Number of protein chains: 2
Amino acid sequence: MQIGELAKRTGCESETIRYYEREGLLPAPARSSSGYRRYEQPHLEQLAFILHCRSLGMPLADIRLLAGFHQQPAAEPCDRVNALIDQQISRVHSQIEALQKLEIQLQQLRARCDSPHTLADCGILKTLDGAAAGEACACHDES
Amino acid sequence: MQIGELAKRTGCESETIRYYEREGLLPAPARSSSGYRRYEQPHLEQLAFILHCRSLGMPLADIRLLAGFHQQPAAEPCDRVNALIDQQISRVHSQIEALQKLEIQLQQLRARCDSPHTLADCGILKTLDGAAAGEACACHDES
DNA sequence: CTTGACCTTATAGTAGCTACAGGGTTTGCA
DNA sequence: TGCAAACCCTGTAGCTACTATAAGGTCAAG
Ligand SMILES: [Zn+2]
Ligand SMILES: [Zn+2]
Ligand SMILES: [Zn+2]
Ligand SMILES: [Zn+2]
């Protein structure tokens with residue numbers, strides 16, 4: 001199949017497929033006489049593997065490693081696999097925590113303005129300006 | 001003061017300050033005879049304003065707008081300010097939701113492996129391979 | 001024989017920095 | 001006076017994971 005059909009079947013754009021090939025995540029497929037890429041079923045599965053990992057937020061570098069385990073002797077321990085997943089879980093977890101703090105801060109800032117009123121009176125702008133001048137702010141106040 | 005001192009006082013690297021100037025977030029300061037940037041107190045406050053907004057996760061484009069409201073007539077309504085903050089809150093909120101789904105999926109995947117064992121037996125790898133072949137997976141199973 | 005839908009490569013753009021390379025300036029000290 | 005350390009300058013490239021062109025080649029239908 002051509003790249004367009006692979007794209008349609010996986011829901012991944014042709015350009016992304018070419019990008020994965022350039023990045024070494026997908027092996028370079030055979031070419032037709034006119035230079036068109038020709039894919040087979042294994043390519044589709046390899047791409048699906050990548051997309052599935054991507055949908056879990058895994059970075060391409062980790063997916064490369066994960067895919068590489070298929071080339072390793074099957075008797076090796078799987079702890080490196082687990083480590084990659086655990087790392088991803090903790091990355092995601094700390095992002096969540098950071099964003100939750102952010103949301104609280106933003107809501108504290110937002111609460112300074114009970115619109116509608118003018119720019120001169122806006123509690124949000126006043127808070128931001130005050131903080132820039134060194135005053136305590138609603139959002140970063142530790143109390 | 002020179003750029004290095006402004007950097008030290010704000011905890012922002014010199015290169016970042018120059019970057020903000022290039023991006024039009026900070027006005028170009030006066031220069032010494034040898035071409036060194038010379039900053040005054042207002043610059044420090046403007047930079048602090050930017051950094052404070054950045055710490056709330058605001059994109060530079062929004063900070064540019066937010067800073068621009070200082071040049072607007074003070075009698076204008078502040079609803080555009082509120083809209084920017086509300087937008088940011090909803091961005092952050094939807095990111096949190098997406099990441100929380102991700103974390104659950106990752107933990108479901110992680111639960112397939114009760115290490116230690118081998119690559120051939122690893123439930124994580126088996127799940128990923130199965131999903132690539134079109135089977136249902138622990139992580140994306142809707143049940 | 002031409003139109004349209006494919007495909008190819010190469011390059012640049014996105015966000016927000018960060019890290020050089022390759023130079024000039026200023027300060028202090030022997 | 002000479003020199004080195006610690007500043008500063010510009011310009012460019014790198015990071016992630018794509019996305020979007022530009023400029024061209026190929027193929028099947030009508
Ligand atoms: Zn307001
Ligand atoms: Zn604050
Ligand atoms: Zn395992
Ligand atoms: Zn899954």
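Numbers restart at 1 for each chain; the letters A, B, ... are given by sequence-line order, proteins then strands. The basis for the numbers below is simple: all heavy atoms, side chains too, and nothing from hydrogens, waters or symmetry mates. Every value quoted in this text rests on a predicted model; they were computed, and no experiment measured them.
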field: Within residues 29-42 of chain A: residues closer than 4.0 Å to DNA chain C (heavy atoms)
entry: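 Contacts with DNA chain C under 4.0 Å: A:Arg31, A:Gly35, A:Tyr36, A:Arg37.
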
- request: Tell me which residues in residues 89-105 of chain B put a heavy atom below 4.0 Å from DNA chain C, sorted by number, or none.
  value: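 Within this stretch, nothing sits under 4.0 Å of the strand.
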
Atom pairs under 3.5 Å, N or O on each side, protein against nucleotides 19-21 of chain C: can you list them with distances?
none

Donor-acceptor check, side chain of [X] to backbone of [Y], threshold 3.5 angstrom: yes or no?
{"X": "A:Gln2", "Y": "A:Tyr36", "result": "no"}
{"X": "A:Arg110", "Y": "A:Cys113", "result": "yes"}
{"X": "B:Gln88", "Y": "B:Leu56", "result": "yes"}

message: For A:Lys101, is there an ion pair with A:Glu97 - N to carboxylate O distance below 4.0 angstrom?
response: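 Salt bridge between A:Glu97 and A:Lys101, a charged N being under 4.0 Å from a carboxylate O: no.
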
task: Could you identify which residues of residues 44-68 of chain B place a heavy atom less than 4.0 Å from some atom of DNA chain D, listed by residue number, or say none?
output: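 Hits under 4.0 Å, by residue number: none.
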
query: Should the ring pair A:His140 and B:His52 be called parallel, tilted or perpendicular, given that the plane angle runs from 0 to 90° and is split at 30 and 60?
result: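 If you compare the ring of A:His140 with that of B:His52, the planes turn out tilted.
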
For [X], does the [atom1] atom sit with more than 12 other heavy atoms under 6.0 Å from it, leaving out its own atoms?
{"X": "B:Arg38", "atom1": "CZ", "value": "yes"}
{"X": "B:Arg64", "atom1": "CZ", "value": "yes"}
{"X": "B:Arg112", "atom1": "CZ", "value": "no"}
{"X": "A:Glu13", "atom1": "CD", "value": "no"}

message: Here's a test of your reading of the structure: between A:Lys8 and B:Tyr20, which maps to the more 5' nucleotide of DNA chain C?
response: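 By nearest-heavy-atom nucleotide position, the 5'-most residue is A:Lys8.
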
Locate the shortest heavy-atom distance separating [X] from [Y]; write the atom from each residue and the value.
{"X": "B:Asp62", "Y": "B:Met58", "value": "CB-CE, 3.9 Å"}
{"X": "A:Ile17", "Y": "A:Cys12", "value": "CG1-SG, 3.9 Å"}
{"X": "A:Glu21", "Y": "A:Pro29", "value": "OE1-CD, 3.5 Å"}

Identify every side-chain donor-acceptor pair in residues 40-48 of chain A under 3.5 Å, counting partners at least two apart or on other chains, and give the distances.
from: A:Gln41; atom 1: NE2; to: A:Glu45; atom 2: OE2; distance (Å): 3.4
from: A:His43; atom 1: ND1; to: A:Glu40; atom 2: N; distance (Å): 3.1

- prompt: What are the bounds, 5' to 3', of the part of DNA chain D that sits under 4.0 Å from heavy atoms of chain A?
  reply: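 Going 5' to 3' along DNA chain D, contacts run D:dA17 to D:dC27.
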
message: Using whole Å, what does the distance between atom P of nucleotide C:dT14 and atom CD of B:Glu23 come to?
response: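 Rounded to the whole Å, the gap is 9 Å.
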
task: Evaluate the side-chain proximity of A:Arg54 to A:Leu25: yes if any heavy-atom separation is below 4.5 Å, no if none is.
output: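 No, too far: nothing below the 4.5 Å cut-off.
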
message: Can you tell me how far apart SG (B:Cys53) and CG (A:Leu128) are? Round to the nearest 0.5 Å.
response: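 Answer for the SG-CG pair, B:Cys53 versus A:Leu128, is 5.0 Å.
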
